[in-house]
Protein chains: 2
Amino acid sequence: MQQKSNIVDIAEKSGFSITTVSRVLNGKADKYRISKATQQKIKSTAEELNYVPNEFARNLRTGRSKTIALIVPSLKNPFFAEMASFINLEARKYDYITLIGDSDDDINIEKEEIIQLSSRNIDGMIIVPCGEEWDHLLKKQEEGLPLVCVDRYFEDLDLSFVSSNNYDGAYSASKYLIEQGHKTVACIQGVKYSTPNRQRVKGFEDAMADFGITSYTVSGDAFSEQNGYLETKLLLQQKIRPTAIFAFSNTIAMGCLKALKEEKVKIPGDISLITFDDNPYLNYIEPPLTRISQPVEDICKIAVKILFSRIVENDKTVKRVLLKTKLKVKESVKSIPVLS
Amino acid sequence: MQQKSNIVDIAEKSGFSITTVSRVLNGKADKYRISKATQQKIKSTAEELNYVPNEFARNLRTGRSKTIALIVPSLKNPFFAEMASFINLEARKYDYITLIGDSDDDINIEKEEIIQLSSRNIDGMIIVPCGEEWDHLLKKQEEGLPLVCVDRYFEDLDLSFVSSNNYDGAYSASKYLIEQGHKTVACIQGVKYSTPNRQRVKGFEDAMADFGITSYTVSGDAFSEQNGYLETKLLLQQKIRPTAIFAFSNTIAMGCLKALKEEKVKIPGDISLITFDDNPYLNYIEPPLTRISQPVEDICKIAVKILFSRIVENDKTVKRVLLKTKLKVKESVKSIPVLS
DNA sequence: AATTATTGCGCAAACGTTTGTTTTTATTGT
DNA sequence: ACAATAAAAACAAACGTTTGCGCAATAATT
């Protein structure tokens, strides 16, 4: 079992000082005018000894960890799992590693995670904040932690974010429903105070108003299957059933499906369904769901980019980015003929 | 901007030595007979200063990182995303953090990841090995890295693993198909030489043999949607179409669904489908898929347990654990009446 | 009163780096 | 030939912990 070698071993074996070895191995050789010959010799003995720098010592000294953190509400939600995958991938390109935290959509766990992760001296953090609190985030940023919110965010705060244009997305979905002749529409929302949710509600309501639809409802309070299930159950109890349901997330849509199935309500025959978020499975559901797809990959790429412009170049300007969503028309929305 | 406080600040403010503070904060107070009063005071000033230990310094000193690594073939696969979520959660209970790596089912990336993660001085690793190579894993273990394989593993190696009992799972699925009257069955496999796949093939073939079914096929070579799609397309070309398809993963099943849909082949009317892996969406597909569900949570819990018995108690015995799968009967398998 | 045991705590080294400063050696200009 | 400058490399401190050992003060025992 080959012992781990360190910079001291290299220094001894090569006959140079620790300092010189360190500088060569860090690419600062030229800056300190270390001769080519020396560089060569040090590099080769490093190779020979199978040297791998001890990141801890390095980080302790420099204060930099080459690590970022990502906190999501739940890795089990495919939407966030996909995000984690993309962000991890992007960070690698900067030679950074990603620590993933799961807040379970609980603000206390979120705070806990932030503390825990901070003790690992992360150089930056990407977060999908789960609550309506932001003080702890602002505080972290003031302490000097580069921070970017994705998906969920807070407007009017000095805190960069990248998200979909939820307003437009919801508006276009609503408009589509209306264009298909729906006049009684229910939307099932997620976490009420989250900005994406508010934007979606706004988009939905504005569309209703713009097209003169007055018979609509907004209910629900979580981006969860259970919420979708319960609210759908309730909607089906109403005297006047909506002809279309707009689910604000793939998880909510799953709950709708469950309830509709239980009650033997056919899509789109009896009721139409449209949802936010994309997921391969949505194509194999019967019928495939019409949806508002978010550019998850782009969101992640841009978020990482912003984060690193802050980490590396200390760019402190606040970036607020909203990306276009895409309406993917499938077969879950019925076209209702207009009586004229 | 509140500066980060360290153990020295606490020492100064509380009036005790660094040593004493360290001991109190590490719960070693009693061992070193530090008075309750002192303990109290130190703890409260630590609280007051908002102290968070610097893990790097700690790890540099102790050589332990309180970090484990998890390498999966792809976080985008819901099966592995779920695993990541569970393992992360379990590790937290030990006060450990999980670094997640994505090998993209490429053995070279896997090796690369292992090196990268090693420089972070991880205390242990859980891996879903993606290839047929294990030398690099054995080498790591010999170097002293606690290692546990999950899902995929290698038999007859001194390498602990936790997985489903894939043989039994496949056998019972096959038996079920046969009991439902199917006499021409096709299975679409995943990565050929992976142990789970081999076990599943064996379970499938044994069941066929045990029940005297001779008309069956085994094809495919990846746990991917594409593989499922292509193989299904091919199956549908055969002169004698199978009456049932057994997909070896949820991703493969997704490919089957795509192909069957394209070809307008109805499930279970025209062909029956059964799959490995569970996923909430499988319930909302039309028809809901009958499947072999794996105890993912248990697999993860046990894997973490084994890993930590190695990390903490240096238990070097090799554990080989296979967990029961569960047949979940839904509506995707047709019962074919026996002609007698 | 002297010895020993116990309690409560601190000294200082060590972990493996990075880096501001300094020292040594080589080169140049006059 | 001699300073002055440039090139090459080394010294030593620092990052924030943990921990083996040691020491003083008090209590218990003779």
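Worth saying up front: this structure is predicted, and the values here are computed from it rather than measured. Residue numbers start from 1 in every chain, and the chains themselves are labelled A, B, ... in the order their sequence lines are given, proteins ahead of strands.
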Colleague: Contact class for A:Thr19 (heavy atom, under 4.0 Å): base, sugar-phosphate, or nothing?
Modeller: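 Counting heavy atoms under 4.0 Å across all strands, the contact made by A:Thr19 includes a base.
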Colleague: What's A:Asn26 touching, base or sugar-phosphate or nothing? Going by heavy atoms closer than 4.0 Å.
Modeller: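 Sugar-phosphate only.
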Colleague: Any donor and acceptor pair, going by atom type alone, linking the side chain of B:Thr67 with main-chain N or O of B:Ser65 inside 3.5 Å?
Modeller: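 At least one qualifying donor-acceptor pair exists.
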Colleague: I'd like to know if B:Arg23 reaches the base of D:dG20 with its side chain such that a donor and an acceptor end up less than 3.5 angstrom apart.
Modeller: yes
Colleague: One pair to check against ring-ring contact (aromatic ring centres under 6.0 Å, His included): B:Phe154 and B:Phe161. What are the steps and the verdict?
Modeller: CA-CA 8 Å; B:Phe154 308 101; B:Phe161 63 79; 9.3 Å; no
Colleague: Output, in order, the C-alpha distance, side-chain angles, deciding distance and verdict of ring-ring contact (aromatic ring centres under 6.0 Å, His included) for B:Phe223 and B:Phe79.
Modeller: CA-CA 11 Å; B:Phe223 288 114; B:Phe79 180 71; 9.0 Å; no
Colleague: Any donor and acceptor pair, going by atom type alone, linking the side chain of B:Asn54 with main-chain N or O of B:Phe56 inside 3.5 Å?
Modeller: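 Indeed, once roles are kept as given, a pair shorter than 3.5 Å links the two residues.
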Colleague: How is A:Phe16 classified with respect to the nucleic acid when contacts are heavy atoms under 4.0 Å: base, sugar-phosphate, or nothing?
Modeller: sugar-phosphate
Colleague: More 5' along DNA chain C: A:Ala57 or B:Gln39, using each one's nearest nucleotide?
Modeller: B:Gln39
Colleague: What is the distance, to the nearest angstrom, from the NZ atom on A:Lys36 to the P atom on D:dA9?
Modeller: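 Rounding to the nearest Å, NZ of A:Lys36 and P of D:dA9 are 12 Å apart.
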Colleague: Return no unless some side-chain N or O of B:Thr20 is found under 4.0 Å from OP1 or OP2 of C:dG10.
Modeller: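 So the side chain of B:Thr20 is within the cut-off, an N or O lying under 4.0 Å from OP1 or OP2 of C:dG10.
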Colleague: Does A:Arg58 place a side-chain N or O at less than 4.0 Å from the phosphate oxygens OP1/OP2 of C:dT18?
Modeller: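 True: A:Arg58 side-chain N/O within range (under 4.0 Å) of C:dT18 OP1/OP2.
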Colleague: What does A:Thr62 touch in the nucleic acid at a heavy-atom separation under 4.0 angstrom: a base, only the sugar-phosphate, or nothing?
Modeller: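 Sugar-phosphate, no base atom in range.
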Colleague: Which one, D:dG16, C:dT17, D:dT18, comes nearest to the side chain of B:Arg61?
Modeller: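 Between D:dG16, C:dT17, D:dT18, the one nearest the side chain of B:Arg61 would be D:dT18.
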Colleague: For the pair made of CG in B:Asn54 and P in D:dA14, what is the distance, rounded to whole Å?
Modeller: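 Value for this atom pair: 17 Å.
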Colleague: Check each residue of residues 28-35 of chain A for a non-hydrogen atom within less than 4.0 Å of any atom in DNA chain C, then write out the ones that pass by number, or none.
Modeller: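 Per residue number, the list reads A:Lys28, A:Tyr32.
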Colleague: With a cut-off of less than 4.0 Å, is there a side-chain N or O of A:Thr38 near OP1 or OP2 of D:dA9?
Modeller: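 Answer yes for this pair, as a side-chain N or O of A:Thr38 is under 4.0 Å from OP1 or OP2.
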Colleague: Are side-chain heavy atoms of A:Gln116 and B:Asp95 found at a separation under 4.5 Å?
Modeller: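 Yes; the side chains approach each other to less than 4.5 Å.
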